[in-house]
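Everything below concerns the one structure shown next.
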Amino acid sequence: MSHEFDDEDRPITFKRSSMSKSNELHSKRRKSTSHCHDGQSYKKTSDVLSSNGQCSSSQNGKVVPSAKATSVKCSVGISTASTSNLKTYTRFSSANSNSTNHLKEDKCENSEDEEDKIPLSVRMKMNNDNAKQATPNVSTLSVKRPLDKLDSLHSSGKKAKLSDLASSINAKQISAKSEPHAEEEEDDDDIPLSLVMNNLATSVNNKSFSLKKFTKVNKGAAPFVKEKEKLKKSEHFKSTKLLQSSGDGQKKWTTFVHNGIIFPPPYNPHGVKILYKGKPVTLTPEQEEVATWFADMWDTEYMQNEIFKNNFWNDWQKLLGKNHVIQNVKDCDFTPIYDWCQNEKDKKKQMSSAEKKALREEKMKQEEKYKWAIVDGVKEKVGNFRVEPPGLFRGRGKHPKTGHVKKRIGPNDVIINIGKDAPIPECPIPGASWKEIRHDNTCSWLAKWRDPTKAKSSKYVFLAASSSWNGQSDKEKYEKARMLKSYIGNIRAAYTKGFTSIDITKQQIAVATYFIDKLALRAGNEKDDEEADTVGCCTLKVENVMAEGHNKLKFDFLGKDSIKYENTVEVELPVYNAILKFQKDKCPGDALFDKLDTSILNAHLKELMPNLTAKVFRTFNASFTLDDKLNKETKDGDVAEKVVVYQHANKQVAIICNHQRSVSKSHSSQISKLSGKIDELQAVLKELKIDLDRARKGKPPLKCSGVKNQSNLNPEAIEKKIAQTSAKIEKMQRDMHTKEDLKTVALGTSKINYLDPRISVAWCKRNEVPIEKIFSKTLLEKFAWAMDVDPDFRF
DNA sequence: GGAAATACTTAGCAATATGTAG
DNA sequence: CTACATATTGCTAAGTATTTCC
């Protein structure tokens with residue numbers, strides 16, 4: 001995917017105004033990493049393409065006799081079905097959001113917008129006045145107290161609003177309504193998503209109930225509400241107020257209650273034998289379990305990955321023991337186990353829907369109590385409450401550890417974080433106990449354990465994306481990115497000046513910042529050699545950037561998830577020259593920016609704007625682009641056409657951020673199917689045209705293809721049919737085109753992580769597009785905090 | 001001051017749910 | 001209703017950035 005970067009694509013036109021040299025760049029030292037030796041470490045570029053770490057499972061492996069058996073060997077669940085004590089919590093404090101709040105909110109948003117027109121220095125003053133400990137001066141100041149972060153990010157209006165509301169937060173109260181089943185059955189099928197969501201996840205206040213009826217009644221008649229007024233009030237845009245962050249330092253909560261986490265069921269041996277040199281071999285359950293993981297991956301790409309296979313074999317051999325009959329994977333035939341796996345899957349598929357449903361409900365019942373936590377009296381959804389099951393580590397790209405056994409996690413690996421007064425979750429494995437119980441209210445995790453594949457890192461259990469904590473920090477993230485908008489001019493001027501600095505560190509900072517701004521590159525932290533060899537901006541190697549003449553730089557490297565970044569860009573002459581200089585006297589494998597790392601870069605960015613870090617540029621670039629494209633490209637038209645505009649804007653963002661996906665294995669067949677249908681229709685169209693001609697001359701249709709031809713005899717009817725058919729053809733052609741167009745572009749990632757939802761919500765309101773056309777149920781939940789944004793909101 | 005530890009955010013793909021054509 | 005296609009959700013790996021430790 002190579003895309004030119006012309007200036008039209010810039011969020012803000014580059015202006016080259018020379019600016020005062022307000023910023024002295026940090027000149028920190030870096031551990032010298034330049035190692036101009038081993039020529040063998042020069043690899044890449046050619047062998048890189050295939051290593052995308054994709055695992056497409058080709059379906060047509062071995063043929064499996066489909067068994068009739070309906071009984072499913074299913075998980076031996078851990079049934080500690082004690083009543084959830086979460087349910088018993090109820091919050092009585094009344095807190096009703098009423099329309100007044102809405103008005104206030106709108107007003108505030110306006111004032112916020114106004115703010116953008118106010119000169120920077122004045123704004124900063126305003127913010128500072130507001131901050132608890134006002135810092136006397138302006139833009140080059142880095143904020144020392146993280147506590148002030150929120151305050152400094154929010155406009156005065158906003159802040160006032162937040163404190164006003166603080167006492168009457170209606171965010172998410174607990175109510176009896178939170179039982180999903182109760183109501184779902186009769187009602188929810190034909191209720192808009194957002195309502196269902198409200199019933200399920202967040203509890204609902206009185207207002208929503210009345211509105212709910214309103215919406216329901218209206219629904220059948222007019223799916224798209226006509227007047228803006230109605231639209232604004234529509235339940236779909238119902239927002240959840242965020243709690244004000246306590247302002248109390250690091251403290252995140254006062255009370256914190258949850259039920260711990262779920263462990264996967266113990267391994268249930270199947271006894272199917274592997275063939276070694278053609279002879280069946282009996283395995284112990286432990287050996288069999290690992291062999292089964294491997295066998296089940298038989299028809300995936302991992303089987304072409306030598307690292308994967310080697311790592312698997314090494315770990316498996318340890319389990320087998322030195323003197324085991326099995327001395328070699330090559331002589332192992334996993335087919336019997338593979339067949340068994342396929343058979344199990346088939347059995348599952350063959351189950352009647354009633355059985356499936358019963359099974360699902362059983363699971364739901366067991367998991368229900370783990371799904372919720374109560375934070376300061378507010379019920380919140382938990383995210384990943386299921387402990388990751390053991391398996392073979394599926395590291396992406398050329399991960400040196402891919403294929404290793406990822407061991408089973410038990411309670412004694414797990415540290416629980418919970419409120420002091422909350423009951424400690426019952427340990428779900430009899431006889432075991434938690435590794436540690438902690439009451440750390442400076443962090444938001446419920447549980448964590450050592451990552452079994454990476455000694456240095458941990459796995460965490462957090463609240464779900466819909467939680468207020470996450471909503472709050474999401475909002476802060478976007479506010480910070482919006483703040484960058486007013487600093488970006490200065491920042492660009494500063495780094496432009498830095499391009500020619502005689503201080504190499506400063507020069508490298510300038511060029512790196514330019515790349516991050518212009519190309520939306522990631523920061524690029526240092527990685528150790530236990531990980532796949534990927535890079536970001538600060539870790540670019542000399543061979544990743546090629547000067548191609550005419551000021552053109554060709555970028556070619558593997559970024560996060562070993563996704564290839566390939567892009568040729570025309571840069572400014574000083575940048576081009578600087579790159580040539582940085583590459584001089586270096587070997588492939590050496591760091592392009594040898595005087596830089598992310599902490600040096602971020603320390604520098606913080607001098608330019610409070611709390612600025614490299615990743616903010618990506619958020620800024622993405623959100624700005626969406627806002628810009630939407631506002632430039634939206635025209636009158638029906639909802640479908642507007643949604644297309646949105647998707648187009650979304651696509652541009654995805655391209656900027658290099659969000660890729662692998663082409664689905666059925667893509668080409670789907671395309672040819674579509675084009676076949678189009679051909680068919682075109683043949684029909686041709687025939688119709690002839691028939692029309694003949695009908696006008698009073699002749700009978702050429703081909704008596706149908707019985708119902710009588711009605712098609714008159715020219716009007718044929719004309720109508722022609723119109724219908726060609727419309728159908730056009731639609732299919734459009735569909736085919738977009739399908740082809742988007743086959744390698746992932747739109748979801750930016751929508752979830754980079755695009756300020758308020759842009760989308762405001763655009764929907766302005767254009768009378770139902771928000772559900774843009775956000776799925778989970779995204780509506782995640783973005784609840786953004787739903788009441790003013791329609792005039794601009795990023 | 002630098003490495004390591006920590007906590008949280010971002011990422012693609014697999015599994016599952018839902019929609020739709022036949 | 002079934003089968004297939006598409007959309008959504010779940011899963012967990014892989015990043016960023018800050019804090020802590022030595």
Side-chain angles (χ1 to χ4, degrees), chain A residues 28-31 52-57 146 193 250 252 300-301 345 348-349 353 356 360 383-389 391 393-397 399 401-402 406 415 417 440 442-445 448 450-451 453-465 469-470 473-474 477 522-528 531-532 534-539 559-563 597-603 605-606 611-616 618-619 622 657-662 664-667 669-670 673-674 677 735 739 744 746-754 775-782:
Chain A
K28 285 188 186 163
R29 271 270 61 70
R30 171 194 218 240
K31 51 196 164 146
N52 260 14
Q54 292 150 0
C55 159
S56 77
S57 52
L193 284 175
Q250 314 287 4
K252 288 207 161 73
T300 70
E301 297 264 309
K345 285 176 198 166
K348 232 178 208 167
K349 251 191 224 160
S353 52
K356 282 183 192 164
R360 255 207 317 271
N384 51 331
F385 53 86
R386 293 179 199 89
V387 174
E388 295 174 17
F393 174 64
R394 292 149 113 105
R396 301 177 188 160
H399 197 298
K401 293 213 171 171
T402 194
K406 189 171 103 171
I415 303 173
N417 190 35
D440 184 352
T442 66
C443 45
S444 67
W445 50 271
K448 72 164 173 174
R450 214 86 249 175
D451 182 336
T453 57
K454 274 164 262 166
K456 284 157 203 157
S457 60
S458 292
K459 296 283 197 177
Y460 291 82
V461 174
F462 294 111
L463 292 184
W469 278 340
N470 289 333
S473 71
D474 231 26
K477 171 179 79 184
R522 295 188 184 83
N525 281 322
E526 309 282 332
K527 302 182 76 181
D528 63 37
E531 302 171 277
T534 63
V535 300
C537 184
C538 292
T539 41
K560 182 177 178 178
D561 292 300
S562 295
I563 294 293
D597 65 20
T598 51
S599 23
I600 293 169
L601 183 71
N602 281 334
L605 293 177
K606 281 189 176 48
N611 297 306
L612 183 60
T613 62
K615 84 187 189 86
V616 180
R618 266 170 85 79
T619 313
C657 296
N658 199 36
H659 291 144
Q660 294 188 249
R661 60 174 185 163
S662 54
S664 95
K665 57 181 187 282
S666 56
H667 177 79
S669 73
Q670 283 169 15
K673 215 170 176 178
L674 263 178
K677 271 187 187 169
D735 287 354
K739 196 188 183 94
T744 59
L747 299 185
T749 309
S750 50
K751 207 186 262 186
I752 294 169
N753 299 302
Y754 287 103
F775 292 146
S776 66
K777 182 189 140 199
T778 38
L779 282 187
L780 285 171
E781 288 179 35
K782 174 180 161 101

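In what follows, chains are A, B, ... by sequence order, proteins preceding strands, each numbered from 1.
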> How does each nucleotide of nucleotides 1-8 of chain C score, in 5' to 3' order, for protein heavy atoms under 4.0 Å: base (B), sugar-phosphate only (S), or none (-)?
Replying inline: ---SSS-S
>> Students often get this wrong, so: under 4.0 angstrom with heavy atoms, is Asn602(A) touching a base, only sugar-phosphate, or nothing?
In response: sugar-phosphate
>> Nearest 0.5 Å, please: how far is CD1 in Ile600(A) from CG in Leu605(A)?
In response: 12.0 Å
>> With nearest nucleotide decided by heavy atoms, which residue, Asp451(A) or Cys537(A), maps closer to the 5′ end of DNA chain C?
In response: Asp451(A)
> Tell me: CD1 of Ile600(A) to C1' of dT16(C), nearest whole Å?
Replying inline: 16 Å
> So, do Lys448(A) and Asn417(A) sit near enough that their side-chain heavy atoms are less than 4.5 Å apart?
Replying inline: no
Produce the list of close N/O pairs, under 3.5 Å, pairing protein atoms with atoms of nucleotides 8-11 of chain B; give distances to one decimal.
unit_1: dC8(B); atom_1: OP1; unit_2: Lys252(A); atom_2: NZ; d: 2.8
unit_1: dC8(B); atom_1: OP2; unit_2: Ser444(A); atom_2: N; d: 3.2
unit_1: dC8(B); atom_1: OP2; unit_2: Ser444(A); atom_2: OG; d: 3.1
unit_1: dT9(B); atom_1: OP1; unit_2: Ser473(A); atom_2: OG; d: 2.9
unit_1: dT9(B); atom_1: O3'; unit_2: Lys615(A); atom_2: NZ; d: 3.1
unit_1: dT10(B); atom_1: OP1; unit_2: Lys615(A); atom_2: NZ; d: 3.0
unit_1: dT10(B); atom_1: OP2; unit_2: Lys477(A); atom_2: NZ; d: 2.7
unit_1: dT10(B); atom_1: O3'; unit_2: Tyr754(A); atom_2: OH; d: 3.1
unit_1: dT10(B); atom_1: O2; unit_2: Lys560(A); atom_2: NZ; d: 2.6
unit_1: dA11(B); atom_1: OP1; unit_2: Arg522(A); atom_2: NE; d: 3.3
unit_1: dA11(B); atom_1: OP1; unit_2: Arg522(A); atom_2: NH2; d: 2.8
unit_1: dA11(B); atom_1: OP1; unit_2: Arg618(A); atom_2: NH2; d: 2.8
unit_1: dA11(B); atom_1: OP1; unit_2: Tyr754(A); atom_2: OH; d: 2.9
unit_1: dA11(B); atom_1: OP2; unit_2: His659(A); atom_2: NE2; d: 3.1
unit_1: dA11(B); atom_1: OP2; unit_2: Tyr754(A); atom_2: OH; d: 3.1
unit_1: dA11(B); atom_1: O4'; unit_2: Lys560(A); atom_2: NZ; d: 3.3

> Got a sec, which residues hit ring-ring contact (aromatic ring centres under 6.0 Å, His included) with Phe385(A), two or more places apart in sequence or on another chain?
Replying inline: none
> Would you find a donor on one side and an acceptor on the other, under 3.5 Å apart, between the side chain of Asn525(A) and the backbone of Gly536(A)?
Replying inline: no
> Which whole-number value in Å describes the distance from Glu526(A) CD to dG15(C) P?
Replying inline: 13 Å
> Using a cut-off of less than 4.0 Å, is there contact between a side-chain N or O of Lys459(A) and OP1 or OP2 of dA13(C)?
Replying inline: yes
> Quick one: is dT16(C) close enough that its OP1 or OP2 comes under 4.0 Å of any side-chain N or O from Asn525(A)?
Replying inline: yes
> Lys349(A): what forms a salt bridge (Lys or Arg N to Asp or Glu O under 4.0 Å) with it, not counting sequence neighbours?
Replying inline: none
> By side-chain contact (heavy atoms from CB on, under 4.5 Å), which residues pair with Lys527(A), not counting sequence neighbours?
Replying inline: Glu531(A), Thr534(A)
> Can you tell me how far C1' of dT9(C) sits from NZ of Lys782(A), to the nearest Å?
Replying inline: 13 Å
> With Arg618(A), which residues qualify under side chain to side chain donor-acceptor pair (under 3.5 Å), at least two apart?
Replying inline: Tyr754(A)
>> What is the distance, to the nearest angstrom, from the CG atom on Leu463(A) to the P atom on dA7(B)?
In response: 15 Å
> Any side-chain N or O of Arg360(A) less than 4.0 Å from the OP1 or OP2 oxygen of dA17(B)?
Replying inline: yes
> Given atom CH2 of Trp469(A) and atom C1' of dA7(B), what is their separation to the nearest angstrom?
Replying inline: 13 Å
>> Please enumerate all residues that pass side chain to side chain donor-acceptor pair (under 3.5 Å) together with Lys459(A), with sequence neighbours excluded.
In response: Glu388(A)
>> Once you apply a heavy-atom cut-off of 4.0 Å, does Thr453(A) come out as touching a base, just sugar-phosphate, or nothing?
In response: nothing
>> So Gly524(A), base contact, sugar-phosphate only, or nothing? Heavy-atom distance under 4.0 Å.
In response: sugar-phosphate
>> Using OP1 and OP2 only, check whether a side-chain N or O of His399(A) sits under 4.0 Å from dA13(C).
In response: no
>> Rounded to whole Å, how long is the line connecting atom CG of Asp528(A) with atom P of dA3(B)?
In response: 12 Å
>> Suppose we screen for salt bridge (Lys or Arg N to Asp or Glu O under 4.0 Å). Which residues come up paired with Arg386(A), at least two apart in sequence or across chains?
In response: Glu367(A)
>> Using whole Å, what does the distance between atom C1' of nucleotide dA17(C) and atom CG of Asp597(A) come to?
In response: 12 Å
Give me, pair by pair, the N or O atoms of the protein and of nucleotides 20-22 of chain B that are less than 3.5 Å apart, along with how far apart they are.
none

> Which part of the nucleic acid, if any, lies within reach of Ala614(A) when heavy atoms closer than 4.0 Å are counted: base, sugar-phosphate only, or nothing?
Replying inline: sugar-phosphate
>> Applying a 4.0 Å non-hydrogen cut-off, can you work out what Lys406(A) is touching in the nucleic acid: base, sugar-phosphate, or nothing?
In response: sugar-phosphate
> Are the side chain of Lys477(A) and the backbone of Asn753(A) linked by a donor-acceptor contact shorter than 3.5 Å?
Replying inline: yes
>> Test of understanding: with side-chain contact (heavy atoms from CB on, under 4.5 Å), list the residues that count as partners of Phe393(A), not counting sequence neighbours.
In response: His399(A), Lys401(A), Thr453(A), Lys454(A)
>> Tell me whether the side-chain N/O atoms of Arg386(A) come closer than 4.0 Å to OP1 or OP2 in dC11(C).
In response: yes
>> Run the side chain to side chain donor-acceptor pair (under 3.5 Å) test against Ser750(A) and tell me which residues pass, sequence neighbours left out.
In response: Asn650(A)
> More 5' along DNA chain C: Val387(A) or Thr613(A), using each one's nearest nucleotide?
Replying inline: Val387(A)
> Taking only residues two or more places apart in sequence or in another chain, which ones pass side chain to side chain donor-acceptor pair (under 3.5 Å) with Thr778(A)?
Replying inline: Ser776(A)
> Quick one: is dA17(C) close enough that its OP1 or OP2 comes under 4.0 Å of any side-chain N or O from Ser599(A)?
Replying inline: no
> Once you round it to whole Å, what is the distance between P of dA14(C) and NZ of Lys456(A)?
Replying inline: 15 Å
